Protein chains: 4
Amino acid sequence: MLSNRVGIVVKPDSALAERVAVRAARALAELDAEVLIEEDTWNTYDSLQDFDKFSLQDPPEKMIVIGGDGTLLRTLMKMKNPEKTIIMAVRAGKRGFLLDVESYEIEERIEDFLNDEYKVHVYPRLQAFYPGGSNCVMNDAVLVMDNAKLVRLAVYVGGERIMGIDGDGLVVSTTVGSTAYSLSAGGPIIDPSLQVIVLTPLNPVQLYLRPVVLPLEATIDIEVKSNSNPLFLVLDGQESIRLNPGDTVRVKLCDSKVKLARFKWWENYYERLYTRVFSYL
Amino acid sequence: MLSNRVGIVVKPDSALAERVAVRAARALAELDAEVLIEEDTWNTYDSLQDFDKFSLQDPPEKMIVIGGDGTLLRTLMKMKNPEKTIIMAVRAGKRGFLLDVESYEIEERIEDFLNDEYKVHVYPRLQAFYPGGSNCVMNDAVLVMDNAKLVRLAVYVGGERIMGIDGDGLVVSTTVGSTAYSLSAGGPIIDPSLQVIVLTPLNPVQLYLRPVVLPLEATIDIEVKSNSNPLFLVLDGQESIRLNPGDTVRVKLCDSKVKLARFKWWENYYERLYTRVFSYL
Amino acid sequence: MLSNRVGIVVKPDSALAERVAVRAARALAELDAEVLIEEDTWNTYDSLQDFDKFSLQDPPEKMIVIGGDGTLLRTLMKMKNPEKTIIMAVRAGKRGFLLDVESYEIEERIEDFLNDEYKVHVYPRLQAFYPGGSNCVMNDAVLVMDNAKLVRLAVYVGGERIMGIDGDGLVVSTTVGSTAYSLSAGGPIIDPSLQVIVLTPLNPVQLYLRPVVLPLEATIDIEVKSNSNPLFLVLDGQESIRLNPGDTVRVKLCDSKVKLARFKWWENYYERLYTRVFSYL
Amino acid sequence: MLSNRVGIVVKPDSALAERVAVRAARALAELDAEVLIEEDTWNTYDSLQDFDKFSLQDPPEKMIVIGGDGTLLRTLMKMKNPEKTIIMAVRAGKRGFLLDVESYEIEERIEDFLNDEYKVHVYPRLQAFYPGGSNCVMNDAVLVMDNAKLVRLAVYVGGERIMGIDGDGLVVSTTVGSTAYSLSAGGPIIDPSLQVIVLTPLNPVQLYLRPVVLPLEATIDIEVKSNSNPLFLVLDGQESIRLNPGDTVRVKLCDSKVKLARFKWWENYYERLYTRVFSYL
């Protein structure tokens with residue numbers, strides 16, 4: 001059995017998420033778990049300051065993230081090695097495709113979480129190396145134009161050129177990211193039981209270009225051509241790095257994975273997917 | 001017969017465009033035309049400073065634009081009323097779909113231009129009204145995300161809501177613009193003999209959205225929803241205006257049109273189109 | 001005021017459509033209209049044989065069509081000149097995008113119909129000329145493969161070649177047909193206030209092909225190339241003609257139009273459209 | 001070393017393929033190989049009747065197929081167990097994406113073939129089970145409408161419903177088939193190093209449907225809904241089976257694979273792919 005220290009991370013500036021967090025902390029305390037509050041969350045919400053703080057640089061083995069998909073992705077991005085922590089993801093208000101615990105059921109799921117009654121779902125990530133740094137993403141690394149100025153890219157896989165793109169950019173997506181930005185840009189849906197990388201060009205002038213599906217082990221080099229405009233590399237929609245002509249971004253499998261606790265594994269992935277699509281009607 | 005005063009506008013920072021301009025000025029002078037140089041061009045290129053200057057606020061009835069599509073679009077955007085001027089568009093180096101005079105034939109075409117031996121092709125434009133101003137476009141008015149942050153728009157035609165977009169934005173295109181950005185974004189090709197407006201959503205989360213073709217007389221209101229991120233309105237790829245949640249952009253037919261001199265009317269529009277597509281191979 | 005002779009046409013093999021037709025006949029009789037039953041309908045349904053018959057070759061000035069979109073399209077195809085008749089279109093059970101009278105309101109709308117309280121909406125049609133005959137369509141003329149065998153077409157507009165297609169075929173659609181088959185095949189939505197022709201290639205090997213929007217006055221010639229497999233020309237989904245290599249189909253504006261009575265003009269066309277799309281969930 | 005008995009299969013009705021076959025037979029004979037001619041080929045071409053016949057039910061360990069992609073696919077479909085045979089595929093005239101030996105180099109490649117100087121590339125296949133039979137495909141199993149009549153399908157993976165399609169049908173494709181029909185229908189390109197199944201809906205009314213990529217081990221059940229029109233199941237573009245409402249097709253991994261001899265492994269798969277796409281210009 002894992003330790004009963006449980007950290008809580010909460011979406012900032014959300015009264016709803018705060019209320020859910022207070023309920024979560026209370027439920028944990030009643031079950032004799034040790035409650036820790038992530039330091040930025042602690043600083044944001046007075047109502048959680050009775051508990052001790054922790055840093056995402058040194059997180060407990062169990063963590064509850066409360067908010068939307070963005071909250072989870074941002075939290076993962078700040079952790080040195082998320083693989084050491086099992087995360088329970090609770091949806092508070094916002095649409096959340098990655099988050100499967102609803103706020104109304106949080107007390108029950110916390111009891112399961114403490115009793116290790118869940119399945120661990122392991123998600124591989126991709127690491128993007130750019131001039132001056134690198135970071136890992138769960139969904140996607142996106143090269144995207146700035147201010148609607150044409151971007152010119154050359155894409156290599158294993159050293160072999162597979163496409164040239166003049167357009168808005170390129171999405172490099174994981175399996176789980178295939179139903180996020182990549183899908184809107186025309187990419188295929190990847191079954192969650194299959195681990196791959198998807199390259200989806202963004203509005204290319206080359207009308208014949210199509211999304212390409214690669215093995216998870218592929219090494220992808222994306223060169224910003226010398227006659228391109230400057231652009232952004234956007235990691236999981238959270239962090240954005242300026243790229244210049246001549247720069248190259250390498251994307252490959254990240255060493256550290258993500259572990260999410262899934263309580264009722266989404267019985268039908270596709271039903272959930274279409275439901276989400278239509279929540280935008 | 002129109003006057004024999006002819007203005008010249010040249011793409012900046014291009015030795016090639018400058019050489020073509022010098023040849024054009026010389027050919028005009030030899031045919032006893034009065035040569036005028038647009039003031040920014042005059043300031044840029046020493047080799048053209050023997051001639052008088054003119055301002056795009058008060059242009060001559062005939063004008064030669066030398067450069068790429070961008071040069072033409074930028075020039076039009078700076079003119080108060082382009083309808084008073086007939087423009088001969090000369091391609092210098094860059095791809096140019098709107099420009100049909102090649103630099104090698106410039107002397108011959110200038111003789112035709114002075115002798116009024118050409119067809120005038122009139123292009124309607126669209127006027128985009130945004131908070132604090134308005135301007136007319138020949139190709140397109142594009143609402144587009146900043147830094148890969150989701151944009152939320154509601155689109156109305158004649159006051160009736162026709163779509164909601166959560167995604168990268170929306171292209172509002174003329175017929176001639178239908179083969180520019182709109183085409184890359186999945187829009188249809190509009191035959192040049194038909195004058196319409198095309199709305200092409202950019203990578204919408206709403207996967208069922210499709211481009212919509214409207215009559216040229218339509219009044220389109222695009223509302224930036226209160227829960228949208230800030231974005232840009234980009235006019236003909238040249239001018240970019242920041243928009244905020246709550247702002248509305250209106251697009252409707254512009255009072256002033258564009259008149260281009262076409263010497264050999266492109267015998268086959270579609271052949272030219274596919275040739276351009278494949279010049280990006 | 002138009003005559004008070006009203007013809008009724010009913011979808012065959014539908015107990016629901018029959019019930020609606022009996023109600024319609026009764027409502028007409030009560031308002032002293034003369035009820036006529038189309039002869040195939042008369043032969044199909046015993047319950048309508050108290051009334052006189054009429055032939056679609058010589059229809060009354062007012063006609064009620066009861067069924068789905070297919071019933072309307074088939075009826076129009078059988079008429080020599082539909083332009084002489086105003087049609088009230090009643091939906092009975094099946095999805096019907098063209099039909100705007102619901103069966104529950106039929107008595108009220110019949111009163112309006114007899115009193116000329118409606119708007120006439122005129123729909124242009126396209127005429128397809130094929131070896132051995134011709135016919136007019138309201139929605140689309142589709143050239144489509146037989147038994148999944150590749151089709152090779154060359155498409156000319158006004159004598160000028162605009163595309164070559166190797167694939168499943170081509171949809172030639174009217175404005176109203178733009179939201180039928182053409183839409184599923186990737187074509188744009190055409191605003192109902194705009195009258196055009198849309199060419200939508202079906203799954204072409206030439207990945208760069210895009211739908212093309214033409215003026216309603218265009219003359220389109222589609223040549224089945226000598227190395228093509230045989231295929232079908234399908235008119236409004238109702239009539240299908242076998243085509244062979246070397247055959248040519250010409251499509252141009254049909255002399256006779258269609259007149260539909262619209263009682264409440266669809267307040268929001270786009271809302272109806274999306275509703276229909278999602279009725280297929 | 002494998003035996004030196006080599007079978008030859010030739011595309012019928014092709015003078016070009018026949019000439020290449022005669023050269024192949026002569027080259028084999030000069031290298032002391034035993035030449036066998038497939039019986040249908042033997043019956044078709046007098047010039048090959050000096051050699052012994054063989055049946056595809058009992059093929060030699062090495063075989064040369066001469067023609068286009070269709071010749072190879074048809075040959076594989078007729079073999080009980082293609083896995084026992086290594087196939088050298090020679091292109092004769094027609095476009096052939098699967099065939100990598102050009103006719104001009106056939107003598108050299110035959111020497112390599114006899115000396116076992118090649119790489120064996122193993123391609124998994126899919127087996128389609130339909131009412132009354134089953135067969136394996138290398139490229140795709142396609143459910144496709146007959147005579148442009150709407151098809152209604154429900155698709156299940158591992159017993160779970162993943163989509164409903166009202167439209168022209170569905171392509172179930174292998175990795176190698178992803179660049180054939182599936183690509184034209186909007187499917188992604190699958191890297192040849194990745195073995196998956198791609199489901200690509202054909203022109204669905206459900207505009208939000210997207211291609212789905214599944215693991216090679218998936219079991220796919222496709223139900224023809226009771227309100228569907230009859231349709232065809234087309235296997236590798238070669239064999240076509242009529243399906244009726246209520247029928248179900250199951251597709252899963254086929255027990256027997258295909259082994260092709262690759263002499264120069266296509267240095268750049270993507271370059272070849274785009275070259276093929278543009279050979280259709």
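Values in this document were obtained by computation on a predicted structure and should not be read as measured data. Labels below follow one simple rule: chain letters A, B, ... track the order of the sequence lines, proteins then strands, and each chain is numbered from 1.
Interface remark: C:Met145 contributes side-chain atoms only to the contact with chain D (heavy atom separation under 4.5 Å). Of the atoms belonging to D:Asn147, heavy atoms from both backbone and side chain fall under 4.5 Å from chain C.
Checking D:Ser256 against D:Arg125 by side-chain atom types alone, a donor-acceptor pair falls below 3.5 Å. Inspection of the D:Asn135 and D:Gln127 side chains reveals no N or O donor paired with an N or O acceptor under 3.5 Å.
Comparing D:Asp168, D:Leu209, D:Leu202, D:Val142 by how many heavy-atom pairs each has under 4.5 Å with chain C, the most go to D:Asp168.
Among the residues in residues 237-249 of chain D, those with a non-hydrogen atom closer than 4.5 angstrom to a non-hydrogen atom of chain C are D:Gly237, D:Ser240.
Considering only heavy atoms from C-beta on, C:Thr71 stays 4.5 Å or farther from C:Leu73 through its side chain.
The side chain to side chain contact (heavy atoms under 4.5 Å, CB included) search around D:Pro188 returns A:Pro188, A:Pro211, A:Val213, D:Ile190, D:Val198, D:Pro211, D:Val213, not counting sequence neighbours.
With C:Ser173 as the partner, the side chain to side chain contact (heavy atoms under 4.5 Å, CB included) test is satisfied by one option alone out of C:Thr200, C:Asn139, C:Asp140, C:Ile197: C:Asp140.
Using a 4.0 Å cut-off between charged side-chain N and carboxylate O, D:Lys78 and D:Asp40 make a salt bridge.
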- prompt: Would C:Asn229 and C:Asp146 count as a side chain to side chain contact (heavy atoms under 4.5 Å, CB included) if you check the C-alpha gap in whole Å, the side-chain angles of each, and the deciding distance to 0.1 Å?
  reply: CA-CA 8 Å; C:Asn229 289 294; C:Asp146 179 22; over 6 Å; no

